*Asks:* 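Mind having a look at this structure? Questions to follow.
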Amino acid sequence: MKDIARQSMSIKVESMDLLNGQIKMEAHASATYLAMASWCEQNGFFTSAKFFFKQAEEEREHMMKIFNFLVDTGGNPISPEVTGINHDYSSIVDVFESTLEHEVKVTKSIHNIVKKARELGDFATERFLDWFVMEQIEEENTVRDILDMIEVTGTEGVGLQMIDNKVLDWID
Amino acid sequence: MNVIFQSTYYTLYQAANERCFYIDFGQKTVRMSLCQLLALRHKLMSINIEDHFDSDLNAHGFEVLMLCNKEHLFVLNTLEILDLQRLVYNSFVSLGLAVGAMETVTS
Ligand SMILES: [Fe+2]
Ligand SMILES: [Fe+2]
């Protein structure tokens with residue numbers, strides 16, 4: 001019997017489902033960072049706003065990377081619905097703490113897909129995610145460094161403005 | 001044509017010479033590419049079957065299903081939806097594209 005199915009699609013549908021979930025998560029991250037950029041603009045943290053505009057773009061690129069992988073492997077990529085974006089933050093520290101929390105969540109999700117792909121014997125998906133595993137180390141590290149800088153600088157007096165200026169170091 | 005999977009109400013065939021699949025729905029047979037089969041799978045996965053048991057959420061227990069880019073329209077009841085889910089999920093296992101099969105729900 002000719003294997004039309006395998007000839008049309010080169011990953012497992014379970015991996016495809018998880019990757020569609022990840023597409024949604026990256027889209028959600030992009031929209032969240034856009035909300036943070038908006039908050040920063042409105043509260044006078046203009047450098048941080050730039051940082052989050054750039055992060056929002058990067059998250060969209062992550063989303064498109066997965067979307068195109070599903071196209072290339074003959075899967076069914078689903079354009080994500082994004083809802084429930086938080087726009088309320090109590091401080092700039094809260095913004096960056098939420099960012100780290102969000103990145104850790106993304107890392108866990110990617111590790112979970114790698115684990116499942118391995119169980120499924122889906123080597124293509126597993127190898128594809130290598131890049132994301134390394135990228136998440138970068139992303140987490142960036143935000144952790146910013147939080148360390150905030151800790152050292154302190155939020156008293158001109159601290160907040162100094163924090164915002166220093167965020168420039170993490171925009172390349 | 002080879003039978004890939006047969007559920008209580010439906011049968012999925014592979015037509016190797018045409019590089020496509022057919023689902024026999026009883027009243028009619030629908031020709032589908034693998035992409036269209038994936039799209040059907042996605043629609044079936046999006047159905048919240050619990051809503052069928054809540055008269056506020058789904059008053060009559062029917063689903064309207066449009067297939068193959070709105071070429072076909074089906075109105076299916078709860079049992080038919082569950083059976084179609086079983087057909088599609090298990091077909092992907094038979095085709096070697098999925099690992100986890102769905103337990104028998106309707107029979
Ligand atoms: Fe990302
Ligand atoms: Fe990220």
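We name chains A, B, ... by the order of the sequence lines, and we start the count at 1 in each one. It should be emphasised that the depicted structure is a prediction, and the values quoted were computed from it without experimental measurement.
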*Asks:* Are A/M64 and A/F53 grouped together when hydrophobic residues (ILVMFWY) are joined by side-chain heavy atoms under 4.5 angstrom apart?
*Replies:* no
*Asks:* Tell me which of these, B/A98, B/A15, B/G96, B/C35, has more heavy-atom pairs under 4.5 Å with chain A than the rest.
*Replies:* B/A98
*Asks:* Return the minimal non-hydrogen interatomic distance between A/K12 and B/V99, and the atom names on each side.
*Replies:* CE-CG2, 3.7 Å
*Asks:* Give the member of A/N20, A/D122, A/I78 that has the highest number of heavy-atom pairs under 4.5 Å with chain B.
*Replies:* A/I78
*Asks:* So do the side chains of A/N76 and B/R41 get within less than 4.5 Å of each other, counting heavy atoms only?
*Replies:* no
*Asks:* Might you confirm whether atom CG of B/N48 has over 12 heavy atoms from other residues, nucleotides or ligands at distances under 6.0 Å?
*Replies:* yes
*Asks:* I need the B/L95 CG to A/R6 CZ distance, nearest 0.5 Å.
*Replies:* 12.5 Å
*Asks:* Are the side chains of B/L38 and A/M16 in contact, using a 4.5 Å heavy-atom criterion?
*Replies:* yes
*Asks:* Same cluster for A/V106 and A/F69 if Ile/Leu/Val/Met/Phe/Trp/Tyr side chains link at under 4.5 Å?
*Replies:* yes
*Asks:* Indicate if A/I150 and A/M162 have the same hydrophobic cluster label, given that clusters are the connected sets of ILVMFWY residues with side-chain heavy-atom separations under 4.5 angstrom.
*Replies:* no
*Asks:* Just wondering, are more than 12 heavy atoms of other shown residues or ligands nearer than 6.0 Å to CZ in A/R144?
*Replies:* yes
*Asks:* Could you state whether A/Y33 and A/V167 fall into the same hydrophobic cluster, counting links through intermediate Ile, Leu, Val, Met, Phe, Trp or Tyr residues with side-chain heavy atoms under 4.5 angstrom apart?
*Replies:* yes
*Asks:* Just wondering, do B/L34 and A/I4 contact through their side chains at under 4.5 Å, heavy atoms?
*Replies:* no
